[in-house]
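Keep in mind the model is a prediction, meaning the values are calculated, not measured. For this chain, numbers begin at 1 and follow the sequence in order.
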Amino acid sequence: MNLIDKFNFKIRTSKFSYFYRKKFGVFSDFATLSSDMSGKKNILIFGKAASIKEINEKRLERIIKTSDYKILANSVDIENHPVLSKTNFDTQCSTRVDDPEIISPVYSLSTLKKHKIKNLCVNASFEYYNGLSISRFRKYFKKYGLKLLYMDNGYSPIAEDPSTYGGKGLTIIQKIIAQALVCKSVKKIILIGVDFFGTKYLDSERKKNKEDLKRFYSINAASKDPRSTHGIPLLKYLTNLVNCEDFYKQKKLYLPLEVESYLDLESIKKLNTSQGFEFL
């Protein structure tokens, strides 16, 4: 980044820019993900893992039918799965988008319409870089005509710092769960396609065109060893969460039994003895 770019970035991420965006309605176009979930009881969160293919199709259909709010975490390869290709979803959550011509998990408008996705949610808050990411997301995707959502701090009864769990990140899954924890109505949180980087992505073996490569990025995009830096830390966070009284007195977390083979014995023991967890 040259001096001019650094100066421009400093201006775009300044408090002045924050108040400018607030005054001219950039933030008013967004609602929180937690507010959109409010009133729902059974939240179903889909990750990108290839382990989805291990779940019996009829059983997966039954799991989907039990939920009343379905969330896609980034670019799950829904078009090339026999069950997901026929499923409608409520919200697609996306990582921050700097330039959709380079990389952007947001689906094409045709895919969003086909699956009746009503909301686009960005994993950013108004305070993050003083709203720069919010502003960019709005610029690129307001034209889609869908409801725009963002993630504020949400709530977590335990530490959210990834270094607490020996990692660099807890993935977008943890951020979504923190939003669900705010909602008193939510009783069940089901994770599908979340195996803590125990398998590749659903799209990993599929040949991709230029547009696909922007949307379905490499499993190593965040790290050379995502299981160690993000997967296992997320697993440790979740095992602590479901054993936290503040969580298990109000909610329960579910994983499909097929994911058990990608967990270590200590985690399996902590999950199975928790009042806040159950294998499906």
Student check: side-chain heavy atoms of [X] and [Y] closer than 4.5 Å:
X	Y	result
Ile232	Ser267	no
Leu33	Ile176	yes
Ser108	Arg215	yes
Lys214	Ser104	no
Leu181	Phe247	yes
Phe46	Ile78	no
Leu238	Leu253	yes
Asp264	Leu235	yes

Rounded distance [0.5 Å steps], [atom1] in [X] versus [atom2] in [Y]:
X	Y	atom1	atom2	result
Leu72	Asp90	CG	CG	9.5 Å
Lys118	Asp36	NZ	CG	7.5 Å
Ile190	Glu278	CD1	CD	10.0 Å

If we ignore angles and hydrogens, is there a donor and acceptor under 3.5 Å between the side chains of [X] and [Y]?
X	Y	answer
Glu54	Tyr262	yes
Gln92	His115	no
Ser223	Asp225	no
Asp99	Tyr140	no
Asn80	Asp77	yes
Thr199	Asp195	yes
Ser35	Thr32	yes
Lys48	Ser75	yes

Tell me whether [X] shares a hydrophobic cluster with [Y], the cluster being built from Ile, Leu, Val, Met, Phe, Trp, Tyr side chains joined at under 4.5 Å.
X	Y	value
Tyr237	Val186	yes
Leu271	Ile45	yes
Phe279	Ile63	no
Tyr107	Ile71	no
Val122	Met37	no

Looking at [X] and [Y], would you say the former's side chain and the latter's main chain have a donor-acceptor pair under 3.5 Å?
X	Y	value
Asp68	Asn42	yes
Ser14	Ile11	yes
Ser185	Gly39	yes
Gln179	Lys175	no
Lys187	Lys184	yes
Lys208	Asp203	yes
Thr87	Val83	yes

Task: Centroid-centroid under 6.0 Å between Tyr18 and Phe27 rings - done: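 Ring centres of Phe27 and Tyr18 closer than 6.0 Å.
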
Task: Proximity of Phe9 and Tyr129 rings by center, below 6.0 Å - done: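 Ring centres of Tyr129 and Phe9 closer than 6.0 Å.
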
Atom of [X], atom of [Y] and distance for their closest heavy-atom approach:
X	Y	answer
Ile192	Ile55	CG2-CD1, 4.1 Å
Asp212	Lys207	OD2-O, 4.4 Å
Ile117	Leu146	O-CD2, 3.5 Å
Thr13	Asn130	O-ND2, 2.7 Å
Ile134	Tyr150	CD1-CB, 3.6 Å
Ser85	Lys114	O-CE, 3.9 Å

Open item on the list: If you count every heavy atom of other residues, nucleotides or ligands that lies below 6.0 Å from Lys113 atom NZ, does the total exceed 12?
Closed with: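 No, because the 6.0 Å sphere around NZ of Lys113 holds 12 heavy atoms or fewer from other groups.
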
Task: Over 12 foreign heavy atoms within 6.0 Å of NZ, Lys41 - done: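 No, because the 6.0 Å sphere around NZ of Lys41 holds 12 heavy atoms or fewer from other groups.
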
Task: Tyr128 six-ring centre to Arg96 NZ/CZ under 6.0 Å and within 45° of normal - done: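 Yes, a cation-pi geometry holds between Arg96 and Tyr128.
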
Open item on the list: Does the structure place the NZ or CZ of Arg206 under 6.0 Å from the centre of the six-membered ring of Phe216, at an angle of no more than 45° from the ring's axis?
Closed with: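 Cation-pi check for Arg206 and Phe216: passes.
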
TODO: Answer yes or no: is there an ion pair linking Lys270 with Glu266, defined by an N-O contact shorter than 4.0 Å?
DONE: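 The answer is yes: the pair qualifies as a salt bridge.
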
- [ ] Could you walk me through whether Cys121 and Asn123 pass the side chain to side chain contact (heavy atoms under 4.5 Å, CB included) test, one step at a time?
- [x] CA-CA 7 Å; Cys121 179; Asn123 184 17; over 6 Å; no

Task: Side-chain cluster (under 4.5 Å, hydrophobic types only) that Tyr20 belongs to, other residues - done: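 ILVMFWY cluster around Tyr20 also holds Phe24.
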
Open item on the list: Parallel, tilted or perpendicular: which one describes the rings of Phe137 and Phe141, with boundaries at 30° and 60°?
Closed with: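 Ring orientation of Phe137 relative to Phe141: tilted.
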
Open item on the list: Arg59 vs Glu258, test: salt bridge (charged side-chain N to carboxylate O under 4.0 Å, His left out). Steps then yes/no.
Closed with: CA-CA 12 Å; Arg59 192 160 70 86; Glu258 287 80 1; 2.2 Å; yes

Task: Sequence neighbours excluded - salt bridge (charged side-chain N to carboxylate O under 4.0 Å, His left out) pairs with any residue from residues 13-33 - done: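 Residue pairs with at least one partner in residues 13-33: Asp29-Arg138, Asp29-Lys142.
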
